[in-house]
Amino acid sequence: MAIKPLMLCILALGFLPTGPAEAQTAPAESEVGQPLPAWSEGELDIHHINTGRGEASFLVFPDGTNLLVDASGKTIEKPPFSLPTKPDASRPPGEWVARYVERALPLSRRRIDYALLSHFHGDHMGAIVDDSPHSEQGDYQLSGITEIAEHLPIGKIIDRGRPDYAYPKPLKSRTVANYREFLDWQTNNRGLEVERFEPGRNDQIELLRRPDAYPQFEVRNLMANGAVWAGLGSEKRELFPPIESISPGDYPIENKLSIAFRVTYGKFDYFTGGDLSAAGDETLSSADAWKNVETPAAQASGPVDAMKANHHGSWDANSAAFLGILRPRVIVIGSRAEGHPAVNTYKRMTSQATWPGPRDVFVTNVSPATFKTTYGIEDAASTQGHVVIRVAPGGASYRVFVLDDGDEERRVKAMFGPYASK
Ligand SMILES: [Zn+2]
């Protein structure tokens, strides 16, 4: 068939929608089965690391500055709800993350520049239990973020609680107490910096090496502790009533306090928001509408090309309103338990009624039980493996690589794209 001029135009601009079936284009063939090519200057890499035991993402910015988001780690659940540790159970999840990060770091830079904890839950920071090993450095135990720091130096940690860890009430869990011991020791002995995440700012997480070379790159802080970027300058607005006016039994739960931010590189945008959710229970009354933190987060962000799903694709997150604003071409679900993603959530993500147009859903880990209950999941772009979004220099296009998580070779199982950034 002759290609009409209009079609040529569309092809040249890269606007032709691609789905999973046609996305594996010829140039990728040589890469499948091989280790992921190393990051190179100008690229933006977003790794979603599958340990089976929580969430951890690792971003390498265009100038090589890097950011770890969450640390995976020990969770409280026992089988059958939890998934197997990946690559295997011979090491704790935090150590697997550290080893993955070491391999993904640009050559000659053996340090994490920024580490951010979206919120204080064990599957994101590493829960501490009786038998958690002790650090060989300071007087604290190892899991998740503390375990990672045992293997790799960290320049700055950003969380939602610094300095008093007292919102909405003093955080007194064993895991947070251990984390604070760790912060004290690292700041006193290793020069670690620690900051509270400030919604609205676009200069808290910055390019540290060649900022002038990439003026089209930005990390915009969108939300934390129920405060959201107001859209002008670095102003924010509060979604929650004053804490004094809420009875303690009605305080927002930890998930709803999660940090969300947006990464922009030219035309490319990416959203990530920890375990933010829309609902608190099945019947969120109008009096509790302030507990829907997802929709304001999406409104602050605007449409994106790619996103990490909130709360592992659980039933209470990624509402139709939220997705309909973000309208992502690529969704990555960092699953860590049975029921991730939930059937209703997956339907919202894949329905043309939520928003029109093509989209590909990548899940890091789907259990056999979830395969039976989340109808349609077999049509996802992938259901097992690390998921890496690699944005081309300048941000005009990006590709998605699914990596084998059975060992540390980071072999490419499949490649999708290139997608044109919107
Ligand atoms: Zn979680």
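Values reported hereafter were calculated over all heavy atoms of this structure, with side chains retained and with hydrogens, waters and symmetry mates removed. Atoms within each ligand, like the ligands themselves, are counted from 1 in listed order.
No close placement of the Y398 and Y265 rings is indicated, their centers lying 6.0 Å or farther apart. For H312 and H124, the ring centers are positioned less than 6.0 Å apart.
Judged by the 6.0 Å and 45° rule, R410 forms a cation-pi pair with Y100. Figure legend: R190 and W185 shown without cation-pi pairing, the cationic atom not lying both under 6.0 angstrom from the six-membered ring centre and within 45 degrees of its axis.
Rounded to the nearest 10 degrees, the angle OD2 (D275) to the Zn ion (ligand 1) to OD2 (D123) equals 150°.
Backbone or side-chain N, O or S atoms of H124 reach the Zn ion (ligand 1) at under 2.8 Å. Taking 2.8 Å as the criterion, E55 does not count as a coordinating residue of the Zn ion (ligand 1), since none of its N, O or S atoms falls below it. Among the atoms of H312, an N, O or S atom is found under 2.8 Å from the Zn ion (ligand 1).
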